[in-house]
Every structure is written in C-alpha cells, then in structure tokens.
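As the structure lists them, so they are numbered: ligands from 1, and atoms in each ligand from 1.
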Amino acid sequence: SKQALASKASFSFPEIKHGVDETHHVAEGYDADVLIRWGDPIFADAPEFDPMKQSAAAQLKQFGYNNDYVGFVGLPYGSDNPDHGLLCVNHEYTSEEVMFPGLGRQDKDAEFAGMTRELIDIEMAAHGGSVIEIKKGTDGKWGLVKDSRYNRRITASTTEMTVSGPAAGHARLKTTADSSGTKVIGTINNCAGGMTPWGTYLMAEENFHGYFNGAVAEGHKEAANHERYGVPGGWYVWGSYEDRFDVSKEPNEPNRFGWVVEVDPFDASSTPVKRTALGRFKHEGAEPIVNKDGRVVVYCGDDQRFDYLYKFVSAGTFNAEDRAANMNLLDEGTLYVAKFEEGGMNWLALTHGEGPLTAANGFADQGDVLIETRRAADLLGATPMDRPEDVEPNAKTNKVYVMCTNNSKRKEEQVNVANPRPANTFGHIIELSPPDGDHASESYAWDILVKCGDPSVAEVGAQWNPATSENGWFGSPDNCAVDHMGRLWISTDQGSNWSKSGTADGIWAMETEGELRGTGKMFFRVPVGAEMCGPRFAPDDKSLFLAVQHPATDGTKDYPGFEKNSTFEEPATRWPDFKEGVPPRPSVVVVTKQDGGVIGV
Ligand code: FEO
Ligand code: CA
Ligand code: CA
C-alpha cells in the first residue's frame, strides 16, 4: 500500500504542506534562519541598509539583489571545513517595482518611466555576485565575518573581467571601449553556477539579451545572431544611458555576454575570467565533476524553450596537488550538445571544421562556433528541450540530473522522446547514465525520473512514484543539490504559475534509487511571489543554504486578499523584516536541524 511504501522513505523529516502565505516554512525539527539580506553591509565600512537612501556607492558595499546560485567552499582551501567558509552567491537581476519607491509596475512588459541614471547605477551595483566569509558560532548559528579579506562584490558596472579561451580577442568581441576583445566590464543575469574541484566559483550568464536596447539594421552581419538570442530584449533601460547596452551603437557588445565566468573566491583582487570554451548561450548553470580519467566535465543547460543541453570536456586533467595548475583547465576542451533517441543519447561535438561547422556556413573559426553556439547546435540537429535548467552530476552514483523546468509552448507535433508532453506547464526531470560512470563518453543511457505536476489531475499527465503524498509533488524543477547519500533536493520556480499548483515554490527531497525512486517530499516553502534558488549543502550536510529570490513579485495578482501587483509602497509581503516601510528583501536562509544533526536523515 501507499503507506507501507512511504514508511520506507529514506528522508526522515515530517513533510510540510502545499500552500502560500507571507512567510517561509520548514519541516518540523528544523530551523530556517535568515543569514543575509539584500542591502546588508558586507564590509566593516559599509553603510547600513536604508531603503529610502539607496545609492550605488552603498550598494557596492552591500549584499546584492535577487540571490540565486549559492556555492560554498570551506576555509582554509582544501579543508572541507563544514563550519567556516566562503559563500559565493549570484545576484541574478533586480526587481525595480519593489526595490525603489514610486515605481509600481503598471504592466509586466512596460519600461519603467521613472528610471534615472542614479537608479540604473544602483541596479548595476545590485547585479553580479557576492563572496562572503561565514562562520558557525558556538550556538550553532551562522554569521557573516564582516571584516574578512575575502568579502567581495562583483557587479555589472565596476568589475573588469578578462575573456579567455578560443573566442578571446575575436573580431566579433571587439568594441569601441575594448579594441582587444578581451576585456569586459561586468557580468549580468548570473543565474545558477557551480564550484570547481579547485575551489573557484562559476557564475553563469543567463538572460543577457534582456539588458540590451536598440537594434542593428536589417542585413547587419550580427542581425541573425542577435535574433537567435533574443537581442535586444529591452527589459531594462540601461541602453538609454550607456552606449554599450545600445546595440545600434555597439553591435558586438551582446557577444561579450552569455558566457560562464570563473572567479577565484580566495583572492578578492583576482580578475574574473569569461571562459568562452564553454559556449555562449543562456547558461542556467555550470556544474563540474572530475571524470574517472581526471578530465573535468561541466554540464550546462541553455534555459530557453526548445534550446539545448550541453557538456564541456576539458583537454587537460585535474591536479589535486597543485591548485594553480587547474586555473586554465576550462580554456581547452570539447563542447558537446545533446541529441536524444529512444533508448540512448549522443553528445555531438561542436568543433570547427567538423560536419556543418565550416566557413561555408559562416563559421570561420572555433571562435565563431562558440559565439554562435546555438546556431552551431541547430545545424547538428540537437534535441530541443523544455527549458533545461540545472544539470547536476551525482558524484556518488555518476548519474546526471537534468531539470527541464517547463515549456507551455510545445505543441503536440513538437514532442520528442526526451520532452514527451505538449504544453508542458510543470516540467520533468531527466536522468542521464554515463556508461561505467564515464562522463567523457559520447553516448549515455537515459530515463525520465518524474513528470511533474499534480498526479490527481489526469490531463496534467504527471508521473510520480505512487508513494508520493498530496504534498510531495511539485512543478517546475529549477535547481538542485545532491546530498552525501546521493539523494536529490530540488528547488522550484513556477513563476506566476504557482496559482495553478496551489503552492508556493520550495524544496522537495527526491528519492532516486530503489522502490521509492521518483517519490517527492516537501521540505521548505518560500513566501508569496518568491522563487526558490540555491540549494547548497555544507560539506557535512548539517547546513543547507537556500536563496529566497524576488519575494512579493511573481503572480501576486492571484494571492487571495491581495489581488494586485506588488509595489515598494504596497508589497504582497514584507518578508523577512515585516517592518512598515521596509520592502521585501531577497535573502539567503540557512537550514539546520535543531538537534544539530545531518539534514534529512
Ligand atoms: Fe534564471 Fe533559468 O532561471
Ligand atoms: Ca534558475
Ligand atoms: Ca529561475
């Protein structure tokens, strides 16, 4: 029976219930404490957060907006210290309507008439990432080390980066400000990411198209390229103030975004590097694993409807004894795109000169292949996916989990083996099995682990282990983490679709092996309008870092009793401060077990 099966669950926590309200919830027996909020000072000389006195200068010394990816590395380097380390956090984007007074959003797609140079400078400073030193106190509670030499803000406006790999210095990367094609100011829309085995932090540039305004003339040599990536997206008005974000003035600038950025968190003065060998697309994340032959494999999803799944295999091998020897491993190797078939899948190399990737098709060199990764993958016949987000290798089993978040636009005639549902509102999870655990292999086996959504509604077409409770199913898997037992913990991003599932986003634990494979269990829930990001375990699995992104923004029109879009003056929730006049604040939360034990056992 369902109950007999459920009693075999490997997750011991009592499940929480679906629902949505103004605050967060975690399973009984656990604490979920706010560790750091947007605007919190991260340097000894940083000003306190004052929402009515925001400035770019203050924001540059404070935790940024919309925390997304969370990475952790123990201090000192190589120690695996679970109680003291560096937290590496992406700040994906900004939500002006609840950040700034007087800018209530009239229409989701409308430009903000009230934006000024000053506000744009704050926005740019609130983007990027933060590296912060954190430590567990004797009371078992985590805190920020404010005077740490590691603390750092990386932004869209102030952080100079270099470009490396095959596209570095390419003619199509050169601009008025940078005739070398190797120096870029800043990074944008950093969604998920990864931590490398050598302790660097990978920040994935996702929806970079949204930051560009203007357009190139019809027939311009970059016109088709821009169109394939949705440039200009016009989500922001930065292009009205800075030529580099106006494509009509700087047609090559968009080619300088959409990469994976590598940051050394152990040196706050280090220059981040855009690693072009990993391709240019809307990188959700970049999750590495050391293959059994020592090569480093990085899995990446291109998060757009009908776009693709990728992996990079390094040419060189990881050297555990010599950190410096690994620092340019991500510059040389092979980028592959996935093609699924019944009963197997193949990884197709994106290598200049092979197959259709030739001058005849407009690829003069490997730089062109990487700058136009999507078009190269189109020509190879890659499988169009339902928005592949996190792609997480499981170091314990060597399986790989692909979060396909949703694709409501897929039509009946567009389904394929790996994306079998038309109008896929709730998404699915694919499990890849490299042969003999060889992540460098060019063919894998694969399976669908779950098809998400409510299993009690036949037309949803969900597929779960029947042991899944009425709260254990979820929609729109986005990010995930693997614990020491090799089990999955999945975070969701339903956008404004939460009203269709009847629950806020959150964390669900997921069985992947044995009789209970495909059973979900609800562990944590975010406040209304938020999305769940992170998640990341400390090395002992006794702390789980979660990023609560954009509280009060998504779908608040459907929030019973609120029924409108949030504004600074009137947000759907003032989480986590709940103080009049203080806007909702994206924050990192840390979950610990009240008895100090390992989470989920
Ligand atoms: Fe930024 Fe694909 O979520
Ligand atoms: Ca995401
Ligand atoms: Ca997301």
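You'll find the ring centres of Trp259 and Phe208 outside the 6.0 Å limit.
Using cut-offs of 30° and 60° for the angle between ring planes, the Tyr65 and Trp38 rings count as perpendicular. Ring-plane geometry between His127 and Trp238 is classed as perpendicular, the angle between the planes exceeding 60 degrees on a 0 to 90 degree scale with a lower cut at 30. Between Trp508 and Phe474, the ring-plane angle classifies as tilted under the 30° and 60° cut-offs.
Counting just the N/O/S atoms of Glu284, the one with the shortest distance to the Ca ion (ligand 2) is named OE2. With respect to atom 1 (Fe) of ligand 1, Glu92 has OE2 as its nearest N, O or S atom. With respect to atom 2 (Fe) of ligand 1, Glu284 has OE1 as its nearest N, O or S atom. Asp303 has its closest N, O or S atom to atom 2 (Fe) of ligand 1 at the position named OD2. If you look at Glu389 and ask which of its N, O or S atoms sits nearest atom 2 (Fe) of ligand 1, the answer is OE1.
Counting backbone and side-chain atoms alike, Glu206 contributes an N/O/S atom closer than 2.8 Å to atom 1 (Fe) of ligand 1. Taking 2.8 Å as the criterion, Asp493 does not count as a coordinating residue of atom 2 (Fe) of ligand 1, since none of its N, O or S atoms falls below it.
With Asn213 contributing its side chain and Tyr236 its backbone, the two residues share a donor-acceptor pair below 3.5 Å. Remark: the backbone N or O of Asn398 is not paired with any side-chain donor or acceptor of Asn394 at under 3.5 angstrom.
Angle OE1 (Glu389) to the Ca ion (ligand 2) to OD1 (Asp478): 60°, rounded to 10°.
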